[in-house]
Asker: 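Let me begin by handing over the structure; questions about it come next.
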Amino acid sequence: MSKIPVMEIFGPTIQGEGMVIGQKTMFVRTAGCDYSCSWCDSSFTWDGTGKHLITQMEPEDIWQQLKQLGGNGFSSVTISGGNPALIKNVGELIEVLKKNGIKIALETQGSKWQDWFHEIDELTISPKPHSSQMITDFKALDDIIHRLNKQNMSLKVVVFNDEDYVYAKKIHQRYSTVPFFLQVGNDDSSTTDDTQLIQGLISKYSWLIEKTMADDEVKNVKVLPQLHTYIWGNKRGV
Ligand SMILES: C[S@@+](CC[C@H](N)C(=O)[O-])C[C@H]1O[C@@H](n2cnc3c(N)ncnc32)[C@H](O)[C@@H]1O
Ligand SMILES: Nc1nc2[nH]cc(C(=O)O)c2c(=O)[nH]1
Ligand code: SF4
Ligand SMILES: [Mg+2]
């Protein structure tokens, strides 16, 4: 029996981030992460606070739950976490989704490889800058980017400060042929005051845009917010 530790299944919603921002999609969020980013907006997947939410599910059961929630109204599923790349059995979920004609996106930080990466239609790799307090294993990241070769994927770096921006630029220069996204960091992912949150996020977005626009060395870049936070704030499951 191949089980997958599932934290939540939700949707339909819009993909709020990165290379397919705005795309109508369902989400499957797996439990567990090999990182512990200081500002992780999904820390309940790894810090124990969401332990009671973890369900060990067969790939076919995940598909049934997606159908139950989304009916006939979706053609895309995004797998996130935690780090879904820790879970070998996600490969079997991918098979089930493919068999049903679903386009698959996946979010991971680029610390671990899985052979099933080759089956992902839209793969987002999000290496972590200094503010996360994580250290990038560039050997692992080089290997992943190299193996993916011409596959449809992108790099997305979350930026909180100037030091993070320098890191992001280093990532872009190291993997210069890979589509590159900068994403605004949310430094208050627990507040329920949406008005204040969104105001703060817009001013950080404006800071990041201005910084990038003034930088002649960064040309082929897309600068994005987390769009879902503008609609739902920090709400979970959207
Ligand atoms: C929760 S992570 C799960 C997937 C994988 N562990 C990763 O980090 O790529 C999904 C995305 O959210 C981003 N993210 C996490 N916390 C964030 C925050 N506070 N502000 C902006 N983006 C954040 C991550 O960088 C990643 O791109
Ligand atoms: N709407 C929406 N878009 C997202 N894009 C990446 C997400 C994630 O947590 O991985 C996410 C999420 O949680 N919700
Ligand atoms: S790698 Fe992703 S899920 Fe893991 S702690 Fe960092 S942001 Fe959170
Ligand atoms: Mg999120």
Side-chain angles (χ1 to χ4, degrees), residues 5-11 13-21 25-50 54 78-87 90 104-114 117 120 122-137 140-141 144-145 153-161 164-165 167-168 171 179-191 197-198 200-202 204-205 207-208 222-238:
V6 175
M7 203 80 210
E8 54 179 3
I9 296 176
F10 61 91
T13 181
I14 53 145
Q15 167 55 273
E17 306 176 15
M19 66 193 291
V20 285
I21 192 166
T25 186
M26 301 295 291
F27 272 84
V28 175
R29 191 183 301 284
T30 59
C33 195
D34 46 328
Y35 279 14
S36 51
C37 299
S38 60
W39 38 251
C40 179
D41 64 8
S42 304
S43 54
F44 68 103
T45 61
W46 53 264
D47 68 4
T49 56
I54 302 171
T78 304
I79 304 168
S80 187
N83 186 6
L86 295 177
I87 306 162
V90 164
I104 306 163
L106 187 128
E107 308 259 339
T108 186
Q109 64 264 41
S111 58
K112 296 267 190 289
W113 169 263
Q114 290 284 349
F117 278 6
I120 305 293
E122 290 138 357
L123 182 62
T124 296
I125 312 267
S126 183
K128 298 297 179 270
H130 295 97
S131 62
S132 69
Q133 289 171 24
M134 298 298 111
I135 309 275
T136 304
D137 175 351
L141 189 57
I144 290 170
I145 302 285
M153 56 131 163
S154 70
L155 283 159
K156 178 177 76 180
V157 182
V158 174
V159 175
F160 282 82
N161 56 38
D164 289 355
Y165 183 86
Y167 171 90
I171 292 287
F180 177 62
F181 292 77
L182 291 176
Q183 174 163 302
V184 175
N186 175 5
D187 61 9
D188 193 359
S189 53
S190 60
T191 182
L197 172 72
I198 292 162
L201 289 173
I202 290 173
K204 287 198 201 86
Y205 188 24
W207 168 79
L208 188 55
K222 293 189 175 72
V223 187
L224 288 177
Q226 285 181 296
L227 195 53
H228 51 107
T229 59
Y230 288 17
I231 314 295
W232 297 293
N234 287 320
K235 200 165 152 224
R236 203 179 278 179
V238 288

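First listed ligand is number 1; within each ligand, the first listed atom is number 1.
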Asker: Is there a donor-acceptor contact under 3.5 Å linking the side chains of S131 and W39?
Answerer: yes
Asker: Relative to the heavy atoms of G82, which atoms of ligand 3 are at a distance of less than 4.0 Å?
Answerer: 3 (S)
Asker: To the nearest 0.5 Å, what is the distance between NE2 (H228) and CD1 (I14)?
Answerer: 7.5 Å
Asker: Which of these, Q133, Q109, M134, E107, has its nearest heavy atom closest to atom 1 (S) of ligand 3?
Answerer: Q109
Asker: Could you list which atoms of ligand 1 come closer than 4.0 Å to a heavy atom of Q226?
Answerer: 20 (N), 21 (C), 22 (N), 23 (C)
Asker: Enumerate the atoms of ligand 1 whose separation from the nearest heavy atom of G81 is less than 4.0 angstrom.
Answerer: 1 (C), 3 (C)
Asker: At a 4.0 Å threshold, what atoms of ligand 1 neighbour a non-hydrogen atom of G185?
Answerer: 20 (N), 21 (C)
Asker: I need the atoms of ligand 1 closer than 4.0 Å to a non-hydrogen atom of C40, numbered in the order shown.
Answerer: 16 (N)
Asker: Can you tell me if D187 has a non-hydrogen atom under 4.0 Å from ligand 1?
Answerer: no
Asker: State the OG-NZ distance between S38 and K128, to the nearest 0.5 angstrom.
Answerer: 11.0 Å
Asker: Check this for me, if you would: do E8 and R236 make a salt bridge, where the nitrogen-to-carboxylate-oxygen distance has to be below 4.0 angstrom?
Answerer: no
Asker: Could you say whether the N/O atoms of G82 and ligand 1 ever approach to under 3.5 Å?
Answerer: yes
Asker: Ligand 1 and T108, any nitrogen or oxygen pair closer than 3.5 angstrom?
Answerer: yes
Asker: Please report which non-hydrogen protein atom sits nearest to atom 1 (C) of ligand 1, along with the residue it belongs to and the distance in Å to one decimal place.
Answerer: S42 OG, 3.3 Å
Asker: Would you check the N or O atoms of Q109, main chain and side chain alike, for any that come under 3.5 Å of an N or O of ligand 1?
Answerer: yes
Asker: Note the single closest protein heavy atom to atom 11 (C) of ligand 1, along with its residue, its atom name and the distance in Å.
Answerer: E17 OE1, 3.6 Å
Asker: Any non-hydrogen side-chain atom of I171 less than 4.5 Å from a side-chain atom of L141?
Answerer: yes
Asker: Heavy-atom contacts with K156 under 4.0 Å: which atoms of ligand 1 show up? List them by number with element.
Answerer: 27 (O)
Asker: Just checking K222: does its NZ atom have more than 12 heavy atoms from other residues, nucleotides or ligands closer to it than 6.0 angstrom?
Answerer: no
Asker: Donor-acceptor check, side chain of S126 to backbone of K156, threshold 3.5 angstrom: yes or no?
Answerer: yes
Asker: For ligand 1, is there an N or O atom under 3.5 Å from any N or O atom of N186?
Answerer: yes
Asker: Return the CD to CG distance between Q109 and D137, rounded to the nearest 0.5 Å.
Answerer: 11.5 Å
Asker: For atom 16 (N) of ligand 1, what is the nearest protein heavy atom, given as residue, atom name and distance?
Answerer: D41 N, 3.0 Å
Asker: Rounded to the nearest 0.5 Å, what separates atom CZ in R29 from atom CE in M7?
Answerer: 9.5 Å
Asker: For the CG atom of D187 and the CZ atom of F160, what is their distance to the nearest 0.5 Å?
Answerer: 6.0 Å
Asker: Would you name the heavy atoms of V158 and P129 that are closest together and state the gap between them?
Answerer: O-CG, 3.1 Å
Asker: For atom 8 (O) of ligand 1, which protein heavy atom lies nearest, and how many Å away is it?
Answerer: K128 NZ, 2.8 Å
Asker: Measure the distance from atom 13 (C) of ligand 1 to every protein heavy atom, then report the residue, atom name and distance (to 0.1 Å) of the closest one.
Answerer: Q183 NE2, 4.0 Å
Asker: I need the atoms of ligand 1 closer than 4.0 Å to a non-hydrogen atom of V184, numbered in the order shown.
Answerer: 21 (C)
Asker: May I ask you to check if ligand 1 and S80 share an N or O to N or O distance below 3.5 Å?
Answerer: no
Asker: Given that the side chain starts at C-beta and the backbone is N, CA, C, O, which of these parts of K128 lies under 4.0 Å from ligand 3, counting heavy atoms, or is it both or neither?
Answerer: side chain
Asker: So for S189, does at least one of its heavy atoms come nearer than 4.0 angstrom to any atom of ligand 1?
Answerer: no
Asker: What part of C33 sits under 4.0 Å from ligand 3 if we count only heavy atoms: the side chain, the backbone, both or neither?
Answerer: side chain
Asker: Would you name the heavy atoms of Y165 and L182 that are closest together and state the gap between them?
Answerer: CE1-CD1, 3.9 Å
Asker: What protein heavy atom is closest to atom 6 (Fe) of ligand 3, reported as residue, atom name and distance in Å?
Answerer: C37 SG, 2.3 Å
Asker: Report the relative orientation of the aromatic rings in F27 and F10; use parallel for angles under 30°, tilted for 30 to 60°, perpendicular for over 60°.
Answerer: parallel
Asker: To check your reading of the model: name the closest protein heavy atom to atom 8 (Fe) of ligand 3, its residue, and the distance in Å.
Answerer: C40 SG, 2.3 Å
Asker: Could you tell me the residue and atom name of the protein heavy atom closest to atom 26 (C) of ligand 1, and the distance to it rounded to 0.1 Å?
Answerer: S126 OG, 3.9 Å
